Enquirer: 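Sharing a structure here in C-alpha cells format.
A quick note: this is a predicted structure, and the numbers were derived from the prediction, not measured. Each chain gets a letter, A, B and so on, in the order the sequences are listed, and its residues count up from 1.
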There are 2 protein chains.
Amino acid sequence: MNAEKIPDIIIGRLPIYLRALQRMAERGVQVTSSKELGEQVDISAAQIRKDISQFGEFGKQGMGYNVAFLIEKLREILKVDRVWDVVVVGAGDIGHAVARYQGFTDRGFRIVAIFDNDPEKIGKKAGNFVIQDVAHMGEYIRREGIKIAMIAVPASAAQEVANELVEAGVKAILNYAPINISVPEGVHVQYIDPVTHLQRMTYYL
Amino acid sequence: MNAEKIPDIIIGRLPIYLRALQRMAERGVQVTSSKELGEQVDISAAQIRKDISQFGEFGKQGMGYNVAFLIEKLREILKVDRVWDVVVVGAGDIGHAVARYQGFTDRGFRIVAIFDNDPEKIGKKAGNFVIQDVAHMGEYIRREGIKIAMIAVPASAAQEVANELVEAGVKAILNYAPINISVPEGVHVQYIDPVTHLQRMTYYL
DNA sequence: GTGACTTTTGTACAATTGTGTACAATGCCC
DNA sequence: GGGCATTGTACACAATTGTACAAAAGTCAC
C-alpha cells in the first residue's frame with residue numbers, strides 16, 4: 001500500500017467502483033477485469049487500474065480481479081466495512097424520504113434518529129423513527145458519539161444546524177439544503193442539490 | 001464570448017455560483033466580487049474570475065460584479081432563463097419527495113408528470129400529480145416534447161426506464177437509482193446517490 | 001477638476017494535477 | 001511450452017489551477 005496522500009478525486013471514484021462491483025456480485029459474477037468494470041462505470045480501464053493500484057496489488061495479471069476480494073478491500077479503504085450511525089436533521093419531505101430509504105443499511109450506514117424544530121412534527125413518526133426535538137440533538141450526538149449527519153432543513157437554517165452539528169462532534173455532513181455551508185478544517189461536507197445537476201445538463205441542450 | 005469549447009468542469013461550477021448569487025440577491029446584495037463569491041462557495045477568486053470570463057466581460061475592474069446582471073448572464077448561459085418541463089419515473093419515497101419539492105420552479109424546472117408501473121399506485125396522487133401508468137410515458141414525452149426526466153425507480157429497473165426515455169426523446173436524465181446507466185452519445189446523465197457521497201467522506205474519518 | 005490612491009477585473013504564464021499510452025511482467029490454459 | 005489475457009507502472013500528454021500584474025474604474029482630498 002502506497003502511504004502517500006491519495007488525491008480526493010480518486011477517493012471519489014471508489015464508491016462508484018464499489019457500487020458496480022456489488023451489483024456484479026449480486027449477479028453472481030466472481031471475477032472481473034478493469035476493462036469490464038470500466039465499461040460499467042464509463043471510466044477508462046487504465047484509470048481504474050491506476051486508482052486501485054494506489055492501495056495495493058489486488059488483481060492478478062492475465063486474470064483480472066476477484067470481485068468479492070476487491071469489494072472487501074474497497075470497503076476497508078473507504079471504512080465502510082462497519083456500520084456508521086447517522087442522524088437526520090429536518091423532517092420535511094426530504095427528511096421523511098431519507099428516513100424511510102432502505103438502501104443505507106447494506107452499504108455501511110444506519111439512520112438512528114431524526115430531529116426537527118417544529119412542535120407540530122415532534123413526537124410524530126418519520127419512517128420507523130419518532131421525530132425528536134432538535135433542542136436535544138447536541139446531547140444525543142455527544143452521548144452516542146455520532147460522526148455523520150444529514151441536513152434536510154430549509155437553506156435559511158442550514159448554516160446554523162451545521163454549526164450545532166460540528167459543535168457536538170459531527171465530522172461529516174451530507175447537505176440537502178441548496179446552500180454552501182462553511183465548516184472548520186477537518187469537517188467534511190458533501191452536497192446534494194438536484195437543481196444544480198439539472199442546470200449542469202441544460203447547458204448542453 | 002469565447003466560442004471555443006468550454007470544459008465541463010467549468011459548466012459544473014456555474015450552477016454553484018448561480019445558487020450563491022441568488023442567495024445574495026435575496027439578501028439585497030447588489031454588487032459582489034470574485035473574492036466574496038469565492039468565500040461563499042469555497043473556490044478561489046482567480047478560479048471564479050477565469051470561469052466567468054470564458055463567457056464575456058461581466059465585471060467592472062475595481063468594482064466587481066453586479067449581482068442581478070451576473071445572475072441574468074449565468075441563467076442565459078445555463079439555459080435556465082426559461083422553464084423546463086420534467087417528468088418523474090417512479091412513485092416511491094424519492095418520487096413522492098421530488099414531486100412535492102417546491103424548490104424547482106424558481107430555478108428553471110417544473111415537474112409536469114409522474115409515472116409508475118405499480119397498479120396499486122396508478123391513479124393515486126403524489127404531491128399535486130396523479131400517478132400515471134408508465135405504459136403511457138413514451139407517448140406523453142413525445143407529445144409534450146419533454147427533454148428532461150428523473151429516474152426514481154429501483155436499480156434493477158433503471159436501465160430499462162432509461163432506454164424508454166431516450167427512445168421517446170429525452171436528452172437529460174437525473175438518476176436517483178444507485179446504478180450506472182448507459183445512454184447513447186448526446187444524452188446526458190447525472191447521478192444522485194447519497195451513499196456514494198457518504199462513502200467518500202468516511203475515508204477521511 | 002485633477003491626480004494620487006484603492007480596488008478588482010481579465011489574462012499571460014508557470015506550476016501542478018490528472019489522464020492516456022504502451023509495454024514488460026505475470027499467470028492461466030491447453 | 002506457446003499463446004493469450006490482463007495487471008501494474010513508466011513516461012508522455014492534456015487539463016486544471018495558481019500566481020502575478022497591467023489595465024480599468026471608482027473615490028477622495030484639495
Enquirer: What do you reckon, is CD of B:Glu160 surrounded by more than 12 foreign heavy atoms closer than 6.0 Å?
Expert: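 Counting other residues, nucleotides and ligands, CD of B:Glu160 stays at 12 neighbours or fewer.
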
Enquirer: Between atom CZ in A:Phe55 and atom P in D:dT7, what is the gap in whole Å?
Expert: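 About 17 Å, once rounded to whole Å.
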
Enquirer: To the nearest Å, give me how far apart NZ (A:Lys60) and P (C:dG27) are.
Expert: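 For the pair A:Lys60 NZ and C:dG27 P, the rounded distance is 9 Å.
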
Enquirer: Which ones in residues 13-35 of chain B lie close to DNA chain C, meaning a heavy atom under 4.0 Å from one of its atoms?
Expert: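 B:Ser33, B:Ser34, in order of number.
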
Enquirer: In Å and rounded to the nearest 0.5 Å, what is the CD1 to CG distance from B:Ile10 to B:Asp51?
Expert: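 Output value for this atom pair is 4.5 Å.
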
Enquirer: For B:Asp8, is the CG atom crowded, meaning more than 12 foreign heavy atoms sit under 6.0 Å from it?
Expert: yes

Enquirer: Do the charged groups of B:Glu76 and B:Lys73 touch, with an N to O distance under 4.0 Å?
Expert: yes

Enquirer: What is the nucleic acid contact for B:Ile9, judged by heavy atoms within less than 4.0 Å: base, sugar-phosphate only, or nothing?
Expert: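 If one applies the 4.0 Å heavy-atom cut-off, B:Ile9 turns out to touch the sugar-phosphate alone, with no base involved.
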
Enquirer: If you draw a 6.0 Å radius around CD in B:Glu26, do more than 12 non-hydrogen atoms from other residues or ligands fall strictly inside?
Expert: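 More than 12 within 6.0 Å, yes.
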
Enquirer: Measure the distance from CD1 on B:Ile43 to P on D:dT16 and round it to the nearest whole Å.
Expert: 14 Å

Enquirer: Less than 4.0 angstrom between a side-chain N/O of A:Tyr65 and OP1 or OP2 of D:dA5, yes or no?
Expert: no

Enquirer: Under the salt bridge (Lys or Arg N to Asp or Glu O under 4.0 Å) definition, can you give me all pairs with a residue in residues 85-108 of chain B, not counting sequence neighbours?
Expert: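 Sorted result for residues 85-108 of chain B: A:Asp93-B:Arg100, A:Arg100-B:Asp93, A:Asp193-B:Arg107, B:Asp85-B:Arg110.
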
Enquirer: List the atom of B:Tyr191, the atom of B:Asn180, and the distance in Å for their closest heavy-atom pair.
Expert: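 What the structure gives for the nearest pair is OH-CA, 3.6 Å.
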
Enquirer: Expressed as a whole number of angstroms, how long is the span from B:Ile48:CD1 to D:dT16:P?
Expert: 17 Å

Enquirer: Side chain of A:Arg49 only, please: which of D:dT9, D:dG18, C:dT11 is the nearest?
Expert: D:dT9

Enquirer: What's the CD-P distance between A:Glu57 and C:dA25, to the nearest Å?
Expert: 14 Å

Enquirer: Quick check for you: among D:dT17, C:dG10, D:dT7, whose closest atom lies nearest to any side-chain atom of B:Gln47?
Expert: D:dT17

Enquirer: Donor-acceptor pair, B:His96 side chain versus B:Ala91 backbone, under 3.5 Å?
Expert: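 Between the backbone of B:Ala91 and the side chain of B:His96 there is a qualifying donor-acceptor contact (under 3.5 Å).
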
Enquirer: So if I take every side-chain heavy atom of A:Lys50 and compare against D:dT17, D:dG8, C:dT21, which nucleotide ends up nearest?
Expert: C:dT21

Enquirer: Where each pair must be Watson-Crick or G-U wobble with both distances under 3.5 Å, what dot-bracket representation of DNA chain D is obtained, with crossing pairs in [ ] and other-strand partners as |?
Expert: ||||||||||||||||||||||||||||||

Enquirer: Among the candidates D:dA10, C:dT9, C:dC28, find the nucleotide nearest to the side-chain atoms of B:Gln61.
Expert: C:dT9

Enquirer: If I take atom CG in residue A:Asp8 and atom P in nucleotide D:dT17, what distance separates them, rounded to the nearest angstrom?
Expert: 13 Å

Enquirer: With B:Arg49 as the cation and B:Tyr65 as the aromatic partner, state whether NZ or CZ is under 6.0 Å from the six-membered ring centre and within 45° of the axis.
Expert: no

Enquirer: Which whole-number value in Å describes the distance from A:Ile52 CD1 to D:dT7 P?
Expert: 8 Å

Enquirer: Is it the case that more than 12 heavy atoms not belonging to B:Lys79 sit under 6.0 Å from its NZ atom?
Expert: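 Yes.
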
Enquirer: Between D:dT16, D:dG8, D:dG26, which nucleotide gets closest to the side-chain atoms of A:Ser53?
Expert: D:dG8

Enquirer: Between C:dT21, D:dT19, C:dG20, which one does the side chain of A:Ala46 approach most closely?
Expert: C:dT21

Enquirer: Just call it for B:Ile10: base, sugar-phosphate, or nothing, with non-hydrogen atoms closer than 4.0 Å on any strand.
Expert: nothing

Enquirer: Send over the distance from B:Gln54 CD to D:dA15 P, rounded to a whole Å.
Expert: 14 Å

